[in-house]
Every structure is written in structure tokens, then in C-alpha cells.
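Not measured: the values here are computed from a predicted model. Numbers restart at 1 for each chain; the letters A, B, ... are given by sequence-line order, proteins then strands.
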Amino acid sequence: MGVKLLLEHDKVEGIRYYDTYRKNGGYRAAEKALKMSPADIVEEVKKSGLRGRGGAGFPTGLKWSFLAKPEGVPRHLVCNADESEPGTFKDRYLMEFHPHLFIEGLLISSFALGSNTTYVYIRGEYAWIPDILEQAIDEAKNNGWLGKNIQGTGFDCEIYVHRGAGAYICGEETALIESLEGKRGNPRMKPPFPAIQGVWMRPTVVNNVETLAAVVPIINLGGDEYAKIGVGKSTGTKLMSACGNINKPGVYEIDMTISVEEFIYSDEYCGGIRNGKKLKACIPGGSSVPILPANLLLKTAKGETRLMNYESMSDGGFVSGSMIGSGGFEVLDEDQCIVKHTMTLARFYNHESCGQCSPCREGTGWMYKILKNLEYGKGKMSDIDLLWDIQRKIEGNTICPLGDAAAWPVAAAIRHFRDEFEWHVLNPDESQKRNYGLAHYADPIHVAASA
Amino acid sequence: MSKQYYVESKPAAGGVISGNGMKADAKVAYVDDKPYEVKEGETILSLIRRHFGKGAVPTLCDAPNLEPFGSCRVCSVDVALSKGGPVKTMASCHTPVIPGSFIYPESDRVQKLRKNIIELVLTDHPLDCLTCEVNNNCELQEVAARVGIRDVRYPEGKTHLDKKKDLSHAYMTSDFSKCINCFRCVRACDEVQGQFVLSMGGRGFDSHIIKGMEVNFKDSDCVSCGACAQACPTSAISDIFESKSIQVDEKVRTVCTYCGVGCNLEVAVKGGKIKSIQAPYEAETNQGHTCLKGRFAFAFYNHKDRLRTPLIKKNGEFVEATWEEAYDHIATKLTEIKNKYGGDAIAGISSSRGTNEENYLMQKFIRAVMGTNNIDCCARVCHSPTAIGMQRSFGTGAATNSIKDIKLTDCILVIGANPTDGHPVTGAKLKQFAISGKTSIVIDPRRTELAKYATYHLQLRPGTNMAIMNMMLYYIISEGLEDKNFIEKRTEGYEEFKQEILGQNIDELEAICGVDKNLVREAAIAYAKAPNAMEFHGLGVTEHSQGTHTIMMISSLAMITGNVGRPGVGVNPLRGQNNVQGSADMGCQPYQGAGYFEVSDPVYHKKYEEFYNAKLPNYNGLKIPQMYEAALNDKLKAMWVIGEDMAQTDPNTHHVVNALSKLELFVVQELFMTETAKLATVILPASSFLEKSGTFTNGERRIQRVNAVVAPIEGTKSDGQVMVDIMNRMGYKQPELYDPEWVLEEISQIVPFFEGVKWDELGGDGKQWPVNKEGKGTDILHTETFKRGKGKFIHNNYKKSKELVENEKQYPYIITTNRELEHYNCGAMTRRTNNVLIVTDDVLMINPVDAAKHQIVDGDMVCVESPRGKVDVKAKITDEVKPGILSSTFHFPEVMMNNITSSVSDSEAMCPEYKVVACNIRKSKGEYKKPKATV
């Protein structure tokens, strides 16, 4: 059993209610933090090496230290609970089953950042979760953990839960801010960064749910102790939401020292591929990170065992690696068609593009159209190159990272599975009747050439 | 620009860079490996454009008057932080230059990217360029040609090419099959006009521009400013005049004739006819913006109703005449009257719509040829109290600052003005200011558009400006917020003033104006505490019996807080007509000649006599209301009016009509058969602003060149030519041909603040007077000292209007008059354009409480009765007015709202009190009936 920090009390019945949570050591970190100075809390978080759990993995302490503190201007902490990345559902799990852990994290972070009004921007499709959160917020308030003069410290903090309206783009922090302000959720240009001008042009920190929850164990353990868990710059624990063709889909807390192989095959985690099938490919960190064929997933191009952490997962860059991203771990078995899978993702990004930047607005549409042609046996060989060309023009050429998110899955699919695309073009009829199958992807290590 | 945290910035490379003429410590960035100086906070695009010209980088979503947006990505360039370092592609329009970085605007990668983006855009664009309105003037076409698109590789797919055109609106059109989703129209609507009509609906591929709640232009809240059409890079949004088409012979820059903002217009002409109008981006007054009057309401100029031949009234009927006959008739009559009754039996009313040159000639004609000071102009009925009041307080009756100062101020105070309707371009700027959340104070009996966005709205009872002013000054003094330093150094009369103010009974004043004194206090404190506060006012201040007094109090408010003489402050009247400033500057008032010298002052009397080489009276002439009295008393026999419709717009219509009907000779120079023209004995058909040249002086004292766009409509003459002709005819020799150049030359010799004004040197943006000998203008007045030396504090108490004292018992309601965006004053021009399709009639604003009391529903005809008469007008139930208060426009002669307005006028300037009329209302019994006032 690995270390459990966030899901330590996962099996405790009633942990989502205040009394049980409190009895199990809840709000201990808050007690401790409220006696510390805000700067010290930021220091502890810096020491912990905590990296943003939303996907980009930006060091949280560093982000907090960027927050501008002009005289007389309120600052805000905004929690990004717009968990919309396909395959990712760890934040939902935390909010649904451990709301007080989350609120405790929000409280400590609000105190550290000086946010008297903190917002939780929650995904619209999580329709039932705001009720759970609001109930927990009420409980916390009734027990003096929110509201005016919290625990006699003189610190005031209100937490508001704001429902999104069902747009993936609002998971992007500046689009989220626009949406929170009541506007159309279009990303903003940067600079200015939210740390300088965020919600209502006030300094703002936007953090993921898991990141803020992780502040609780950091305070409990101390930053240095927290940093000892894990390996290298991947400190602490990470929640993974595993799904796809595995025996035990679900949310798992890992300590980032385990190997990918262990995560997929051990009974503690995914429990192996369902129905005894073979592993074909995997998207290790949410739908937008590059897909990896089985051989590159389990071992890096250098032949080392790939571990479930930030560094190891991205070993080899995008040529032969991927990203731990948001922790949405999607496993594909030998029966899955990569072209169809890519098309599904392209359809998603086409649907979710906000339409602001021309490369993404038009490009995602054409990627989907071309992939549809390929999938349904109407593609041409030149379409594969065109697809490659479009994604190249989207990546890095949009205001927000959604453009990249739309481009990467297509790029990786062509990079690693080009022969499957070509097979679709060459065998239009057969491709409608059967899948390409496993081919060589599960073979011992084969280094894919850069495309 | 804010600090950039996530990108590590490198110090400027090198240090001393020789051979480029740059300062040794200048920050530099490298474009194609050559160093260029970087300005603080500028974007990559601005750097490249500054050094390589406007077309150096192709763009689609960028527009000259909009904030960077970064959506089209066509402006992308490659940037490396060090030479040979890793290269990243960045959108140049919104990325600040990192000093020391290496920029490659035309790398292969960037070129491919641009090409691919345009190719993607073209997949959803109809390629019907040859038949498109904007062919050869299309930014997409231009960029596509530039990046070298030869074919589109994408297969057939779903497109938006079947979108329907929207032709619902009187002016605006849209064809969204041509939309490239650049957001320029949305941003223009938001950032320039502040109307928020356009927005983006749907997302991704389904993104589409929507108007209001997905309605058409007509049903939306569009104010038809046309900013979106001008901003649109294709023909997705345009107007019925196809203003973006290059199928024109020439484009002439001139100045709008509607309000005192003085927007520059670019008028397209084809085949000798005006095709369309756009606003030049580089114009200082309007930066590419204008309102629907400036942009679209030009169709009046060749309307079939235009008067095209002189008319002489014989036996009550107008008979067509030649110009010679008309001149003969006039000259004979004038000589006869002058000989018989003396020059003072003759009077002239000049037009603030005309040019400076024409106004100058008119007053010269009346003074030098007719030998009387009976010359006035329509400033009498609008800003005459401003001129007198500010002259007394500061020494100059003109705006102290410039409109561009709105960008520099921290607080705006808008009194008795509705700029979003009356001065739409300045109004839009003020609205943007208020929307941005900065301190804005509106004092107005109506909840105007601006009031809705303002921090403080003091909704006073009409006619109680003086009460509010006394209250504000009281709070500023009692809170100790006065600028003692400024008061001591720059002003006089303060101690006495202070005692008067502190002696005010605040509770009494509160009851009079009907505004919570705490709100007044807060607003006063906000104004006084703002580092820079700027005041604007309109006719809601001047058209009162205490107009001049209020102006002096406003001036005192500015002085007591030290808000005079630097950028972002001052007292700034929003001038109503395009040249109301100029007509006063030129001497069209009975007590001051050109350049504001008193006609009764022996020194200046002599100066004028010498300059005009004529005998002039040394006493003041008649103001307009006095002229009516004189006519009724048979003292005034002849009147000459240029382009003013007093019968519709002056108050107490019966009185005016009776007076004008008694004249022996009544010459009217007009474009149309107005209510006044109908009373004339001779009508001379005039040319409109589009047909003549000259200068207009706008509300910020900016003398701008008006350039003839087309030849005068056949049979008409410019007012200037008529003046020259008649002076010559009556033996006062002038050059045969009217030309603004020689007139301006003459003006510069007599009007001191025009000293350095030369026709050829005015350029596109003109100059703000005073213009010194070297030709340098002035954007801020009273910087070191006031014109009169020290600024003077002058106090007056609130005094109830005579109108209310006499009539409020029988007539318990107060009706005040206002303007609509779509129409201009008597509407002679705007009613002959498509503007009538947008606003079709005058309406009476009435509070729901009053409406319920009289069982009036929206659209009912209401009879409004005052001691002078009654009118029937359509009701519009709205909470824009408080109970007991009514408001209406007088743009339409069918209503003749001025039948009920009173002859009460400002005690000093005789500006009529249009804003306070005691009246009563009832639901009209009959159907709509035409008022019987007109002859």
C-alpha cells in the first residue's frame, strides 16, 4: 500500500460530514495554518514542491508568490473545479466524497493568499455536487471555519460555488474568469496574467481542486516532509482517475514512485486489462496529452521502466513520451481503433473550441471532418499529411492552450500509429468491417521515428 | 503593460549600438537580426509597424481604433530570446516586445502558418470577390493575396455560406456568409460605441455574430453608429450606401454639420453625387467614429424638397423668381426701410450651422451695411448663458479643455446634458468612461442613458440646478475640501462667496431640488477628491431662467477644487450646433463684435469702424426675443434669417409667429420650406454643408476645414456668396466671388485668437484657438492665469422660475424638453433621411404613476396644456422621468411642442427657458389632430 494523504479516510463512513471529518483529524491543518503567517504558509507550499494538479504541473508555491498585492485591492482565490477533460474525474471524487478536505484546503489557501472571497467554479455537468459543497460550506460556517472572524483570528472568508454552463473552455483559467464574471467564456490574452489582473481585474490565483486539497497534508506534515514523498520534482501523492478497458476503473491515489506497469496490472490499482485482452495504447493524463503505444508506455525510449510521475511520463518529450497531465488515465485494449478514437477526440475539441482564434476554430472543424473521412473509408493518403499540417498550425498558435490540447492527440496518433491510418486509406472496405488490431504495438520496445 | 512573469526576460543585448542613431541606453530588440529601439510597453506589432510601415505584418482582427485581440493569429511572428535560441511563434499584436529578443516577422515557418490560417478561413468564405461590395477593398482579399494562397486543400464540408442577409434596418446591413469571426464588429460595438448589441453566439465552428438576443438589426438596440460596419474587414456588416465599396470617383474629407463635436467625415462621391460617408481613423476629433447622423443622414442634401429657386411672396403666395429679381427686391426694400425707419428697424439672425466665414460676413453686412447691432444667432437659444457666465468667471466663454482629456481625467461631472443622444461621439466616450467604473456624476431630471451607468445620479426637479450647485459647494466648503492654494493664487472674491454658500439652508434646498442631501454630499466629495475632475454641461443648464447664474456656479465649483488649467479638468460646454462656438466668435451677438469686443466700448467701436470702413452704432442691438417684441411693437420692420427655424424651435410659437408675420421684409435663407420659411417674404435657396467650403469651430474651440464635396445644387447659393452678392449690390464692395480663404484672412486680422489661422495651414485636424501668430493652437485654456486675470467667484441664490411661480397652481406638471439621437433640432434635415424610419414622431415621456392617474397607456395621445396653448403628443410610459415631470422632443412640426413653451428666459443672456414649462395633462379625447398654429 502506497502513502495515502488525500484519500486516507476514504473508507470512513460519513467522512463527507463535518463531525466525522473533524473526529478524523479534520481542520487540524486549518487550526495550525491560522496560527501561521500567510507568508509562512506560502513558504511551506513552496518547500513541498507541490505542482498544479490540473494538468500543466506548474509549481503551486511559485504561482502563489506571483500574486500581486496592491494596496486596497481585494485579491481572490478561484478554484478551478471545471473538470472537463475527458477521462478525468478525480476532482469530482474529492468534492463528492471529501468536501471538507477540499474546503479546509480552500480555507488555508485563502488565508495564505489573503482572499476574503473565494470562488469555486464548478463544471455545470456536476449538477449534484454544488449541493454537497454548499452543505459542507454551511457546516464549516456553523462551526466557525468560514464567514467573519474565523476562529477568532480576524480573518474573514466566504466561499461561493459558481456553476459553469457546460463548456470545456471554461476550464482554461482566463476563460473561467470571464465566465465567472458573467461573460462569454473566451480566454483572455496574457499578459496581464491573472496574478496581476484576474477576476474583476483584481489579482487572482486559480488552482485546481486537488492542488488545494493537497495543501491540507502539506500543512499537517510540513512542506519538507511532504516533499520527501514521491521522487524528484514529483512530490507528494497524485490522484489518478483510471478508465477504459481495465478491470477496476476508479480513482486511485499514488505516490508517484510506482511504475506504469504496476499501476495497470496490480490489483491495488487498475487490476489488469479487462477480459484478458492485450494492452494496445494508453492516454496517461487526460484526453489532450499524447497517446502512447503500449511499448512506449511501459518503457521509455531509452529502455527504462516508465514511472507514474511528471518526469518519467514526459521522458522523450512528445516524440516518445507523454504527460501525467490531469491524471485521466485511459487504457485502450487490442480491440480499439486508433482512428476512431482520435476522431472521437477531434469531435470533442471541435465541439468545445470557443471560436476565438482562427486556427482552432477552423482547424478543429477540419481535423474532425478529415478524421471522419478516414474512419469511414473515404480518406486519401494526402489527408494524413493535411491532418498533420493542421495540427502543426494550431499548436502554439492560439490564445489559450485548448489549441494545443486539440492538436496533441491528433499529432501523437499519427506519430505512433501512422500505419493504422494508412491501412484505413488503403483498405476502405475492410476497415469498415474489422479493426486493425494490435499489430506491433505490444511488441518489445520499438522506438518510433519522429514524424 | 503588466509585468511579464512567466517568460524570463533577458537584458537588452549590447548597450551601445552605433550607426542607428539610438541612445546608448535605449532598449532594443532585433528584427531580422538588426537592432531597433523599443518603446516602453509596446507590442511586437507596434514595433514592426513603427519601423517598417503599416503593412509590414498582415493582420485581420487588428483595427486602428480597437484594443489588440489576438484571435486571427495572422500577425504571428517568430521570436527567440537569444540569437539562435529556441524560437516560439507569438501573435505580435498583443505580445509585448521583450527587450533584447530576436524577432523574425517573415520566417518560413511564419509564412506557412499565415498561409494555412488564411486557407482555413477561406474554406468557409464565399469566393465571389468579383461581385462583392468590398472587392479590392477587402482585408481578407488583401491578406490572402499577400500570403499567396493558390488553392484550398480542404475537401467539401459544412459551411456557413447559406446565411441569410439582414436588410431589415434603415441603414445597417449584414451578410454573415462573409463573416470571418474576427470579432472586430463586436469589439467596435463594445469599445467604441459601448452599445453591446453585437456579440458572438455559439462556439467553435458554430460561432456566429448575433445582434441583441439573436434578432435583426431593426429589432436590436442598435443605435446605427456604423462603427461595426466600418470595423468589418469584409462585407459581412455594411450599410445601404455600400460605404466600403471603392467604386467611387473621390473621397473628400470634411466636417459634420450636425452637432458641436465636429466629427471629421470622409465623403465618397460618384458621378457628382454623394455615395456614402465614413469616418477617418486619423481624425483627432472622432478617431474613426461618428453617429448615424454624421454617417448616414446625408440624403437630405439632394432631397426633392430642397428649395431650388428664390421665391418672393406676392399676395400671400410664393412666386418663383430669379436671383437677380430676388436681390433687387431685397435691396430695394432694405434701402427703403433703412431710409424710412433707420438701420435699427432691421435685424439679422445668423446661423450656427453656417461656417465662420459666413457668420462673419453676415454680422459684417448687418453692422457695416445696415448700420445696426441687431445681429444675433441661434446660440441665443442654447449656449448664450455659457458664453456670458464663463466670460464673467474666467474671461473666456469657451470650453477650457479638449475632448481628448476624457482619457486623462478621474471624474466626470455631467450637468443637464444627454450626450449619448445629443453629442453621440463624445457621449460614447463619456459612456465608456462611466462603464469603466470611474467616478461619474450625472445631474439631470431624466434618467438618461449616461445616468444609468453613472456612480451618482442626482435626479433633480427641472429648474433647480442652482439649488444643487449651492448644495455641492456647501459640502465642499464645509468638508474642507477646497483647494486653498489654487483659490489664493488664481482667484478673487472667495471670502464673500464662501459666506454666501455657508449661509445656505441645506434642508430647504434639499426640498427644492428633491435629491437626498446625503447623495449630493457624496457626489460633491467625490468630485472634490478626484485628482482631476472634468465638467460637461449642456442645454439643461443654460435653457433656464437662472442659466447664466448656474454657469458661474459651475465655474466656481471648478475653481474651488482647483480643476482649471491643466489636462483632464475644466468646464466644458457641450456645444449644440456644429458652429455655435464659431458664430459667437465671429460676433453674431448684439453686444459684441467679431472677437468678443464690446460694441459700446469707444476703443473697440472705433476699431470696428476703421476696420469695416463704415459708421457703426455704439450701443447694443436687440437679442432674438427682443427682436420679436420690437416686431410686435412695429419697431422692427425687416429681418434676415439664415437657416433657423424659429417658428418651430423657439419657445411660445404663437408669439413668434405673430411677430414674424408683422414684418415688412422677411428674408429667409433655407434648404427647405420650414415653418419659418413659410412666413418669409423672400426665400433664398441655400447650399448645404456638403456643397460649400469654410471652417467650423467645434465645442473644443477647434477650427476645422469644411471642404465642398459636391457642387451646389442647381439654383442654390452658399450663404457666403449671398452675403457677398448683397453687400456688393448695396454698394459695400467685396470680392465678387465668395471664397473662405480671403474671408478667413480678414477674420484673422480682427479676431485676436484667430491671428495665426491660415486656410492652407489648418490641415485635416484644424487648430484649437487661440492660435498664435506662429500658427500654434491651444488645447487647454487658463493654464497660467485666467483670461480675465484672476478667476472670479460669483454667487447667486436659487430663485424659482417665474413660470412656476405664476402657473404651478393651475398647471401642476413640469414638462422639460430633450433630444433624440436620430433627429436634429427642427428635423428639417434628418426628417428627410431614413432616420424617420427609425424614429417616427415626438413622444411624451411620462412616469407610470402619472400615467395611471390619468388612465394613459403607452401610445395614447395625450393633451399637454400650458398657459400658452396645448399640443397632442403620443405617450411613452417610462421611469426615466420622476412623477410630476414630463419630457418631450420637438423634432416634428406635426406636434409643434413649442406652442406650449414659455417666453420666460435667462435673466442675463435671454436664453429661453425650454426646460421648465408648467403644464397639465389629460388623455386626448379625439384622434390625433394637427395643431393649428402653423400658417
Report summary line: In this structure, CG of N397(A) is separated from NZ of K88(B) (nearest 0.5 Å) by 8.5 Å
Query raised in the report: Is R73(B) close to I399(A) at the side-chain level, that is, under 4.5 Å between some pair of heavy atoms?
Result: yes
Requested in this report: Look at atom CG of D108(B) and say whether more than 12 heavy atoms of other residues, nucleotides or ligands are closer to it than 6.0 Å.
Outcome: no
Report summary line: If one checks every heavy atom of S382(A) against chain B at 4.5 Å, the contacting part turns out to be neither
Report summary line: Highest number of heavy-atom pairs under 4.5 Å with chain B among N373(A), T364(A), I390(A) belongs to I390(A)
Requested in this report: Please indicate whether K163(B) has more than 12 foreign heavy atoms, meaning atoms of other residues, nucleotides or ligands, lying under 6.0 Å from its NZ.
Outcome: yes
**Report entry** Side chain to side chain, W366(A) and D124(B), heavy atoms closer than 4.5 Å
**Finding:** no
Query raised in the report: Do R153(B) and D389(A) have side-chain heavy atoms sitting under 4.5 Å apart?
Result: yes
Report task. Would you please go through residues 196-207 of chain B and name the residues with a non-hydrogen atom below 4.5 Å from one of chain A, in numerical order? Result -> M200(B), G201(B), G202(B), R203(B), G204(B), F205(B), S207(B)
Report task. Select, from E362(A), M201(A), R184(A), K369(A), the one with the greatest count of heavy-atom pairs under 4.5 Å involving chain B. Result -> R184(A)
Report task. Taking heavy atoms only and a threshold strictly under 4.5 Å, list by residue number the residues of residues 174-192 of chain B that touch chain A; give 'none' if the list is empty. Result -> I180(B), N181(B), F183(B)
Query raised in the report: Does atom CG of D385(A) have more than 12 heavy-atom neighbours, drawn from other residues, nucleotides or ligands, at distances under 6.0 Å?
Result: yes
Report summary line: Turns out that what part of K393(A) lies under 4.5 Å from chain B's heavy atoms comes down to both
**Report entry** Residues which pass ring-ring contact (aromatic ring centres under 6.0 Å, His included) with H424(A), listed by chain and number, not counting sequence neighbours
**Finding:** none
**Report entry** Members of residues 348-358 of chain A whose heavy atoms come closer than 4.5 Å to chain B
**Finding:** N350(A), H351(A), E352(A), S353(A), C354(A), G355(A), Q356(A), C357(A), S358(A)
Query raised in the report: Should the heavy atoms of other residues, nucleotides or ligands under 6.0 Å from NZ of K452(B) be counted, would the total exceed 12?
Result: yes
**Report entry** Interchain contact, I370(A) with chain B, by part (heavy-atom threshold 4.5 Å)
**Finding:** side chain
Query raised in the report: Where on I117(B) is there a heavy atom nearer than 4.5 Å to chain A: the side chain, the backbone, both, or neither?
Result: side chain
